[in-house]
Amino acid sequence: MKLLVTGGAGFIGSAVVRRAVAEGLGVVNVDKLTYAANRDNVASVAGDASYAFEEADICDAGAIARIFAAHDPDAVMHLAAESHVDRSIDGPGAFVQTNVVGTYALLEAARAHWRGLSAPRRAAFRFHHVSTDEVFGALGPTGKFNETTPYAPNSPYSASKAASDHFARAWGETYGLPVIVTNCSNNYGPFHFPEKLIPVAILNALAGRPIPVYGRGENVRDWLYVEDHAEALLAVIRRGRVGETYAIGGSAEARNIDIVRTICRVLDARRPEGAPHERLIAFVTDRPGHDFRYAIDASKIMAELGWRPSVTLEEGLRRTVDWYLANEAWWRKLQRRGGVGERPGLSA
Ligand code: NAD
């Protein structure tokens with residue numbers, strides 16, 4: 001199978017690309033290389049004969065049509081997106097452009113390609129749209145999201161992802177494009193861009209700088225190790241049922257403050273000279289409209305596809321801290337990028 005992956009130079013996309021190449025799939029990685037991208041994320045597969053990189057904007061219909069024609073993929077896994085909620089508060093336009101207009105443009109290019117395939121290849125073709133659980137809004141202290149939860153997005157980011165989910169679904173219902181949608185909880189792990197909670201906590205603690213925690217740190221997320229997400233996504237594109245959606249999560253709920261404290265404890269053991277790192281925790285102004293809690297009931301993908309997360313949250317956080325300690329050259333470069341280290345999202 002040759003897979004066209006969009007956003008494969010980003011955090012989750014690169015995990016998919018590395019794993020897909022390791023499993024022997026052909027991969028063409030289409031990425032615009034925004035501030036969030038990093039070709040170092042896929043350096044380990046860059047020389048592989050089964051891997052190709054195409055720098056392109058998914059909104060550019062001409063470029064995307066040329067890429068489909070040149071690479072003739074059997075499936076599309078669409079991850080390209082503007083992904084940072086705080087940035088979406090200050091500048092929602094880029095989120096509408098890439099996440100909504102870009103998804104529309106990609107669906108159209110995929111449909112044109114799919115219609116030109118032979119009947120067996122048309123039947124086997126998949127358009128897998130990768131989305132977030134944030135489209136479902138916020139939970140109170142109890143309950144979980146699943147595939148039947150109504151959409152109620154609260155941020156410009158989640159609204160743009162919700163719109164893109166609906167477009168993907170509509171292209172399945174209206175044009176018969178073999179679409180599958182997945183909605184996943186918060187990811188963490190190696191290669192996470194240093195503007196998100198977990199890498200920020202690790203890198204600030206290492207540098208002896210304040211570790212910003214929004215509000216009182218009581219917001220709850222259901223964390224999934226990124227490599228487990230990549231495995232789930234490849235299971236869905238191979239064996240998922242067309243027209244279905246799958247909720248994906250790690251069954252690992254934690255409050256932000258507890259995540260940060262765990263990271264501090266791991267660092268206390270690894271870098272005792274900075275201990276206790278918890279002294280660096282600084283509560284800062286909360287995110288406007290901050291969703292209180294997300295949690296996923298992943299029983300459908302577990303039962304149908306036999307997928308389950310392979311690492312616990314504690315183990316995943318230990319591995320993540322160790323990865324950042326071992327890969328300083330990777331994150332040092334990114335800390336000089338525009339906006340990193342600043343606090344976006346307070347313009348509401
Ligand atoms: P990311 O920001 O790390 O990577 C996004 C990638 O998309 C970057 O490489 C970027 O250059 C590329 N991109 C952006 N705009 C583009 C465009 N117009 N054309 C081509 N490429 C473009 O994001 P991520 O955290 O890896 O998330 C990947 C996908 O998974 C997104 O669709 C996101 O909504 C979804 N998701 C993320 C999480 C999470 O916790 N990070 C959870 C669930 C779902």
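Atoms within a ligand are numbered from 1 in the order they appear, just like the ligands themselves. Residue numbers start at 1 and run along the sequence shown.
Listed by number with element, the atoms of ligand 1 under 4.0 angstrom from any heavy atom of Lys161 are 31 (C), 32 (O), 33 (C), 34 (O). Using a 4.0 Å cut-off to heavy atoms of Ser185, the atoms of ligand 1 that qualify are 42 (C), 43 (C). Close approach of ligand 1 to Tyr157 (heavy-atom distance below 4.0 Å) involves ligand atoms 33 (C), 34 (O). The Ser83 neighbourhood of ligand 1 comprises atoms 1 (P), 2 (O), 23 (O), with distances under 4.0 Å to a heavy atom of that residue. Residue contact check: Leu79 has heavy atoms under 4.0 Å from atoms 28 (C), 29 (C), 31 (C), 32 (O) of ligand 1.
Taking the side chain as every heavy atom from C-beta outward, Val42 and Tyr51 approach each other to under 4.5 Å. Two residues are said to be in side-chain contact when any heavy atoms from C-beta on lie closer than 4.5 Å; Ile202 and His192 fail this criterion. When side chains are defined from C-beta on, Tyr214 counts as touching Asp86, because their heavy atoms get closer than 4.5 Å.
Residue Phe193 forms a ring pair (Phe, Tyr, Trp, His ring centres under 6.0 Å) with just one option from Trp331, Tyr324, Tyr35, Phe11, and that option is Tyr35.
Contacts between Leu33 and ligand 1 below 4.0 angstrom, taking non-hydrogen atoms only, involve the backbone exclusively.
Remark: ligand 1 and Ser131 share no N or O pair separated by less than 3.5 Å (distance only, no angle test).
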Quiz prompt | CA sep, side-chain torsions, deciding dist, call: Arg337, Glu195, salt bridge (charged side-chain N to carboxylate O under 4.0 Å, His left out) | solution = CA-CA 10 Å; Arg337 287 213 181 152; Glu195 65 179 354; over 6 Å; no
